[in-house]
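Proteins come first, then strands; the chains are lettered A, B, ... in the order of their sequence lines, and each starts at number 1.
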Amino acid sequence: MTELNQAKDFLSQMILIREFETIAEGLTLRGKVPGGMHNSSGQEAVAVGVMAALKDEDAIASTHRSHHHSIARGMSTQSMMAELFTKSTGCSRGRGGSMHLVDLSRNYFGGNGIVGAGVSIAMGLALGIHILKKNAIAVGFMGDGAINTGRTWESINMAVIWNLPLLIVIDNNQYAVETFMDRVTGGRDFVARAKSFGMSAEIVDGQNVEEVYEATARARERILAGQGPQLINAVTYRYFGHNVGEVGKYRTQEEISDWKSNKDPIDNWISHLLSKNLITEDEISAIRESAKLEIVKAVEFAEASPFPNTDTVADDVDSGSLLRQL
Amino acid sequence: MEEIFVPALGVSAENVYLQKWLKAPGDSVQAGEAIAIIETDKAELEITSNTSGIMGKQLFSEDTDVAVGITICVLLHEGETEN
């Protein structure tokens with residue numbers, strides 16, 4: 001891929017994620033998405049920047065907030081939307097919903113509902129890569145809320161002592177549900193905490209897709225060179241509540257407006273591309289139209305799909321059927 | 001025009017109880033302002049508008065059950081009238 005194509009691809013993917021989330025949020029409020037969802041609007045650059053630096057053979061585990069990671073890894077928005085609707089055509093055949101978007105054909109082990117579990121799953125994936133001597137890395141996403149969870153550091157410690165090919169990305173939107181991270185994090189410095197475990201770590205602007213991409217590419221190189229686990233603290237912001245419909249009184253309107261108006265990852269990337277004459281207004285409009293059309297089709301597909309047949313309720317409850325797909 | 005509806009807030013409730021309107025038809029409403037109070041089986045919640053405008057007709061009266069996802073009123077933006 002040329003650099004110019006990649007620059008435009010960054011934009012297309014971020015716009016597609018924003019469109020998916022905007023439409024899915026509205027459908028969730030209208031009761032179309034059983035169990036609700038976690039909107040990733042505002043955090044697009046973290047997902048797109050990280051995924052662009054990874055290869056097909058790299059394995060990824062996500063978090064409860066995973067729509068942006070899933071789209072950036074190249075998942076079909078139709079199978080994702082159908083899964084949100086818990087339809088049989090969804091990526092988890094309608095059994096998982098929003099938190100269990102997965103695509104094993106893309107080495108994407110998807111989201112889960114347990115805080116910090118993406119780190120543990122990725123540690124296991126890294127161990128597998130190490131044992132099989134593959135030239136690849138495992139990536140585990142976590143939110144800032146997982147920074148004070150025991151399993152996060154148990155997993156990181158094991159990865160460090162075994163020198164596993166593990167990259168941890170903190171998709172750091174600064175709020176663990178309603179709790180501002182500084183109020184509950186001893187030392188307040190995620191990078192320093194990671195370094196104290198004997199791993200390399202750096203902080204990046206999670207609203208700058210290029211910065212996230214470059215940091216991920218660097219970390220991947222260091223891991224493949226045998227330098228052990230790496231951590232990236234990507235500071236970002238979520239525009240909506242922790243979950244759809246949450247009544248949010250814990251952040252000021254000024255703070256939310258400031259991030260939306262001044263630090264938006266899509267707006268900033270558009271400004272960058274326009275200032276370098278890398279894109280035209282017409283091309284931007286075409287990208288937005290294409291994203292709208294794709295999500296309209298995804299919703300139509302989800303609406304038209306059937307719910308799982310109740311006769312199949314006992315399918316997929318053992319590991320056999322999962323292993324047969326690998 | 002913004003359609004204001006009862007949001008789906010969990011997996012359990014199909015209906016919520018419309019306790020009280022906080023705005024009357026013709027009142028001006030600011031974005032983010034509460035327009036009604038509802039009760040689910042778990043909590044009492046405010047329904048807010050996403051945009052600013054003038055309250056239109058209320059489609060349900062106080063002290064009634066309303067299904068989740070159903071529009072309860074519309075908010076008229078500048079220059080708009082109700083059909």
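Enclosure of atom NZ in A:Lys263 by more than 12 non-hydrogen atoms of other residues, nucleotides or ligands within 6.0 angstrom is indicated.
Considering all non-hydrogen atoms of both residues, B:Ile70 and A:Arg30 come closest at C-NH1, 4.3 Å. The two residues A:Gly31 and B:Ala8 come nearest to each other via the heavy atoms CA-CB, 3.5 Å.
If you run side chain to side chain contact (heavy atoms under 4.5 Å, CB included) between B:Pro7 and each of A:Leu29, A:Val244, A:Thr28, only A:Leu29 comes through.
Every pair tested for ring pair (Phe, Tyr, Trp, His ring centres under 6.0 Å) that includes a residue from residues 27-53 of chain B fails, sequence neighbours excluded, so the list is empty.
Using a 4.5 Å cut-off between heavy atoms, B:Thr71 contacts chain A through both its backbone and its side chain.
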